[in-house]
Amino acid sequence: MAEEKSLNFIEEIIEADLKAGKHTTIATRFPPEPNGYLHLGHAKSICLNFGLALKYGGKTNLRFDDTNPVTEETEYVESIKGDVEWLGFRWAQELYASDYFPQLFDFAVKLISKGLAYVDDSTSEQIAEMKGTPTQPGKDSPYRTRSVEENLKLFAEMKAGQYRDGEKVLRAKIDMTHTNMLMRDPILYRIKHAHHHRTGDAWCIYPMYDFAHGQSDSLEQITHSICTLEFVPHRELYDWFIEKLEIYPSRQYEFARLNMTYTMMSKRKLLQLVNEKHVNGWDDPRMPTLSGVRRRGYTAQAIRDFCDRIGVAKRDNLIDIGLLEFFVREDLNTIGARRMVVFDPVKVVITNYEETKTEMLPSENYPDEGSTVRTMPFGRDLWIEREDFMENPPKKYFRLAPGQMVRLKSAYIIACEEVIKNDKGEVTELRCRYIPESRSGSDTSGINVKGVIHWVSAKHALPVEVRLYDRLFKVEDVSEIEGDFRDYLNPDSLKVQTAYAEPELGNAKRGEHFQFLRMGYFCLDPDSTHSKKIFNRTVTLRDTWTKDKK
RNA sequence: UGCCCGAUGGUGUAACUGGCAACACGCUUGAUUUUGAUUCAAGAAAGUCCAGGUUCGAGCCCUGGUCGGGCAACCA
């Protein structure tokens with residue numbers, strides 16, 4: 001029952017184009033540069049581009065924008081493909097801007113022939129100098145008036161490797177006084193004697209983004225080329241090339257990139273965090289990278305729902321990370337099998353329970369009616385959460401306290417009769433009595449307790465490592481940071497501790513999601529070994545109780 | 001001193017293209033609950049950046065401001 005959802009501005013453009021007969025079908029593309037891992041911001045773009053094609057029966061190409069050999073690597077290509085697939089999308093074709101190097105070269109020759117491009121011998125500094133500023137016009141390069149023949153010859157020599165890096169560039173001849181800085185004779189080709197991850201050493205001149213992107217769109221007959229707002233000023237140049245080259249008129253549309261609280265979405269800075277070891281790699285569960293959130297336990301479904309909900313518009317935004325967490329919980333609530341794990345144990349001894357006895361008690365895996373069950377061993381010695389006991393509880397505390405009763409989930413009701421402490425006054429053991437008739441499922445005790453807590457049999461408990469994650473940054477709006485962003489990293493973003501799990505968790509597998517009762521959603525980390533299971537906390541449970549205590 | 005975008009509850013996105021501002025998250029209250037979770041119900045919260053104008057009628061159109069963002073890499 002897909003409700004009549006209002007269209008975002010790009011969908012409106014597409015529907016208008018379709019209705020006007022401008023296109024009969026649409027083609028989009030997702031164009032990452034393989035110089036880093038994909039993050040949540042890219043997920044928004046992926047969902048948009050692929051989503052549009054799906055909605056309107058078109059296709060989406062995956063095109064790597066690999067025009068700068070010095071920063072790009074095959075490792076990134078592979079991770080990007082994996083991430084897009086994981087998110088659940090299929091591209092029509094896997095393409096590379098570098099595949100178009102021959103055509104792009106011909107385009108450049110065409111521009112030169114039309115007198116619209118020239119080879120400039122100026123240094124990088126001189127070119128910057130002559131470029132002017134946003135408020136001051138630029139000045140023509142002394143090489144601007146070279147003849148077509150000379151330009152053709154020089155450009156061929158550039159390609160042939162007769163010059164060193166930086167010695168010459170090819171520039172478009174547009175207008176050095178243009179109010180749009182990008183139209184002030186932009187550089188089309190630069191010399192880089194560098195090894196390219198795909199073309200190897202075949203080329204020593206490489207096209208700039210502006211001279212590659214639009215033409216690549218055009219060659220693929222992309223109808224709607226969707227990018228982020230910072231490319232708005234590039235559109236004028238994008239259209240200029242299409243017009244002068246007389247090629248298929250792809251059109252560019254821009255939307256606001258995703259920003260999230262306590263999160264940083266700059267590939268450059270994320271790379272820095274990785275290189276400087278502030279995190280343990282691109283897939284560190286604290287990273288906003290897709291590989292990071294995947295390892296953390298976020299699901300593709302949750303991310304798609306999130307991208308769907310945040311919408312697409314042109315105004316700057318800062319989205320509450322809590323919204324993403326909402327969708328993660330929403331999905332995990334239905335797919336996460338329930339398990340009991342005690343994080344900060346305190347011993348409970350059930351004085352009226354036989355010392356050698358072990359009962360296997362069933363407990364449902366999911367909250368729904370017909371849920372499957374697993375069994376949990378129950379015995380005289382148990383672990384419960386330290387915070388589930390209070391010696392002097394406030395009025396509305398309905399867990400365990402001296403003389404107070406609590407329900408052990410899926411087991412019995414117990415009453416605390418004695419508190420044992422060490423010399424430091426710390427509680428070391430709680431001696432309790434259980435109500436035999438209160439067994440879960442066949443409770444005839446008639447006793448009603450409000451509190452229900454999780455537990456695990458001390459004798460059978462499986463020690464596991466849990467990694468508890470918190471926000472990577474201390475500040476809500478990372479874009480407001482002045483000075484070094486690394487000074488604002490949250491020192492408590494990762495807490496590692498040992499916890500005691502019910503035996504069933506020994507069978508946990510990669511890719512499975514769990515809800516550790518009352519503690520949050522977790523998944524098995526790939527660092528796990530046969531003898532040591534490691535669980536990542538994906539997200540905590542919603543908590544409406546502890547929060548108003550603060 | 002320039003050019004280009006944008007402005008709607010705390011946050012994000014809507015408003016059938018000019019007809020009494022809606023949805024989601026978050027928040028509050030209550031019910032249910034063997035997870036203080038989930039679920040369910042109710043509620044608070046903007047009068048649409050400001051000032052003019054057009055109109056019977058403006059969040060939508062026009063004019064002028066204000067504020068925010070972007071633009072001077074041989075990066076994408």
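Only this structure's heavy atoms are used, side chains among them; waters, hydrogens and symmetry mates stay out. Labels below follow one simple rule: chain letters A, B, ... track the order of the sequence lines, proteins then strands, and each chain is numbered from 1.
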>> Any base atoms under 4.0 Å from A/K192, or only sugar-phosphate, or nothing? Heavy atoms, all strands.
In response: sugar-phosphate
> Is it true that A/R257 and A/E230 make a salt bridge, defined as a side-chain N closer than 4.0 Å to a carboxylate O?
Replying inline: yes
>> For B/U38 and A/R329 - does any side-chain N or O of the residue sit under 4.0 Å from the phosphate oxygens OP1/OP2?
In response: no
> Contact class for A/S122 (heavy atom, under 4.0 Å): base, sugar-phosphate, or nothing?
Replying inline: base
> Do you see a donor-acceptor pair shorter than 3.5 Å between the side chains of A/Y366 and A/Q515?
Replying inline: no
>> Any salt bridge linking A/D239 with A/R251? Criterion: basic side-chain nitrogen under 4.0 Å from a carboxylate oxygen.
In response: yes
> Glycosidic conformation of B/U38, syn or anti, with 90° from 0 as the boundary?
Replying inline: anti
> Can we say A/R63 and A/D99 salt-bridge, meaning some charged N sits less than 4.0 Å from an Asp/Glu carboxylate O?
Replying inline: no
> Taking the side chain of A/K409 as heavy atoms from C-beta outward, which of B/A76, B/A72, B/U35 is closest to it?
Replying inline: B/U35
>> Need the glycosidic conformation of B/G47: syn if within 90° of 0, anti if not. Which one?
In response: syn
> Is A/R235 salt-bridged to A/E254, cutoff N-O under 4.0 Å?
Replying inline: yes
> When you measure from every atom of RNA chain B, which of residues 66-77 of chain A have a heavy atom less than 4.0 Å away?
Replying inline: A/T67, A/N68
> Would a line drawn from the ring center of A/F522 to the ring center of A/F343 be shorter than 6.0 Å?
Replying inline: yes
> Does the base of B/A76 carry an N or O that pairs as donor and acceptor with the side chain of A/H234 under 3.5 Å?
Replying inline: yes
> Between A/H196 and A/F101, is a ring pair (Phe, Tyr, Trp, His ring centres under 6.0 Å) present by the stated rule, with each step listed?
Replying inline: CA-CA 12 Å; A/H196 187 280; A/F101 282 171; 5.7 Å; yes
>> Considering every strand and a 4.0 Å limit on heavy-atom distances, what is the contact class for A/E236: base, sugar-phosphate, or nothing?
In response: nothing
> Among B/A76, B/A37, B/U34, which nucleotide sits nearest the side chain of A/S440?
Replying inline: B/U34
>> Base, sugar-phosphate or nothing for A/F327? Non-hydrogen atoms, less than 4.0 Å.
In response: nothing
>> Side chain of A/R407, heavy atoms from C-beta onward: which of B/U34, B/A37, B/C5 has the nearest atom to it?
In response: B/U34
> Hey, does the Lys NZ or Arg CZ of A/K168 hover above the aromatic six-ring of A/Y163, less than 6.0 Å from the centre and inside 45° of the axis?
Replying inline: yes
> So which heavy atom on A/I80 is nearest to which on A/P34, and how close?
Replying inline: CD1-CA, 3.9 Å
> Using Watson-Crick pairs (N1 to N3, plus N6-O4 or O6-N4) and G-U wobble pairs, both distances under 3.5 Å, which stems of at least 3 pairs involve RNA chain B?
Replying inline: B:2-7 with B:66-71, B:10-13 with B:22-25, B:27-31 with B:39-43, B:49-53 with B:61-65
> Looking only at N and O atoms, is any donor in the side chain of A/Q136 or the base of B/U1 less than 3.5 Å from an acceptor on the other one?
Replying inline: no
> With a 4.5 Å heavy-atom cut-off, do A/V77 and A/D66 have their side chains touching?
Replying inline: no
Might you list the N or O atoms of the protein lying below 3.5 Å from N or O atoms in nucleotides 12-14 of chain B, with each pair's distance?
unit_1	atom_1	unit_2	atom_2	d
B/G12	OP1	A/L318	N	3.1
B/G12	O2'	A/I310	O	2.9
B/G12	N2	A/R309	NH2	3.3
B/U13	OP2	A/R315	NH1	2.8
B/A14	OP1	A/V312	O	3.4
B/A14	O2'	A/S6	OG	3.0

> What nucleic acid atoms does A/E387 come within less than 4.0 Å of, heavy atoms only: base, sugar-phosphate, or nothing?
Replying inline: nothing
>> Does this structure show an ion pair linking A/E359 with A/R439, if we count only N-O contacts that are shorter than 4.0 Å?
In response: yes
> Looking only at heavy atoms, what is the nearest atom pair of A/A499 and A/V341, with distance?
Replying inline: CB-CG1, 3.7 Å
>> For a quick check of understanding: with a heavy-atom distance under 4.0 Å over all strands, which category does A/T228 fall into, base, sugar-phosphate or nothing?
In response: nothing
> Between B/U39 and B/G26, how far is it from one P atom to the other, in whole Å?
Replying inline: 10 Å
> Looking at the side chain of A/P134, which of B/G2, B/G36, B/C25 is the nearest nucleotide?
Replying inline: B/G2
>> Should A/Y209 be counted as stacked on B/A76, where stacking needs a ring-centre gap under 5.5 Å and an angle between planes under 30 degrees?
In response: no
>> Nearest whole Å is fine: how far is B/U35 P from A/R338 CZ?
In response: 11 Å
>> Output the rounded distance in Å from CG (A/L38) to P (B/A76).
In response: 17 Å
> If you look at every strand shown and take non-hydrogen atoms under 4.0 Å, does A/R399 touch a base, only sugar-phosphate, or nothing?
Replying inline: base
>> Rounded to whole Å, please give me the gap between OH in A/Y206 and P in B/A76.
In response: 12 Å
> Atom CD of A/E476 and atom P of B/G10: how far apart are they, to the nearest Å?
Replying inline: 14 Å
> In chain order, what residues pass the ring-ring contact (aromatic ring centres under 6.0 Å, His included) check against A/H513, with sequence neighbours excluded?
Replying inline: none
>> Could you check whether any side-chain heavy atom of A/Y189 comes within less than 4.5 Å of a side-chain heavy atom of A/F105, counting everything from C-beta outward?
In response: yes
> With a cut-off of 6.0 Å (strictly less than), are more than 12 heavy atoms of other residues, nucleotides or ligands near NZ of A/K55?
Replying inline: yes
> Are any of A/R190's side-chain N or O atoms less than 4.0 Å away from OP1 or OP2 of B/A76?
Replying inline: yes
>> Side chain of A/V452, heavy atoms from C-beta onward: which of B/C27, B/G36, B/A72 has the nearest atom to it?
In response: B/G36
> Can A/D388 and A/R518 be counted as an ion pair, charged N to O under 4.0 angstrom?
Replying inline: yes
> When you check every protein heavy atom under 4.0 Å of nucleotides 39-49 of chain B, what one-letter string (B, S, -) results, 5' to 3'?
Replying inline: -----------
>> Quick check: on RNA chain B, is the nucleotide nearest A/R235 upstream (toward 5') of the one nearest A/L408, or the reverse? Name the residue that is more 5'.
In response: A/R235
>> Under 4.0 Å, heavy atoms only, any strand: does A/G441 hit a base, just the sugar-phosphate, or nothing?
In response: base
> Taking the six-membered ring of A/F514, is the NZ or CZ of A/R339 close enough (under 6.0 Å from the centre) and on axis enough (within 45°)?
Replying inline: no
> Taking the side chain of A/F398 as heavy atoms from C-beta outward, which of B/G36, B/U34, B/C27 is closest to it?
Replying inline: B/G36
> Going by number, which of residues 163-187 of chain A have a non-hydrogen atom under 4.0 Å from RNA chain B?
Replying inline: A/G166, A/V169, A/T179, A/M181, A/I187
> With a 3.5 Å cut-off and just heavy-atom distances, do the side chain of A/K450 and the base of B/U33 make a donor-acceptor pair?
Replying inline: yes
>> Is it the case that the side chains of A/E325 and A/Y521 hold a donor-acceptor pair, with the cut-off being a distance below 3.5 Å and no angle test?
In response: no
> At under 4.0 Å between heavy atoms, what does A/M519 touch on the DNA or RNA strands: base, sugar-phosphate, or nothing?
Replying inline: nothing
> Is the shortest side-chain N to carboxylate O distance from A/K409 to A/E364 below 4.0 Å?
Replying inline: yes
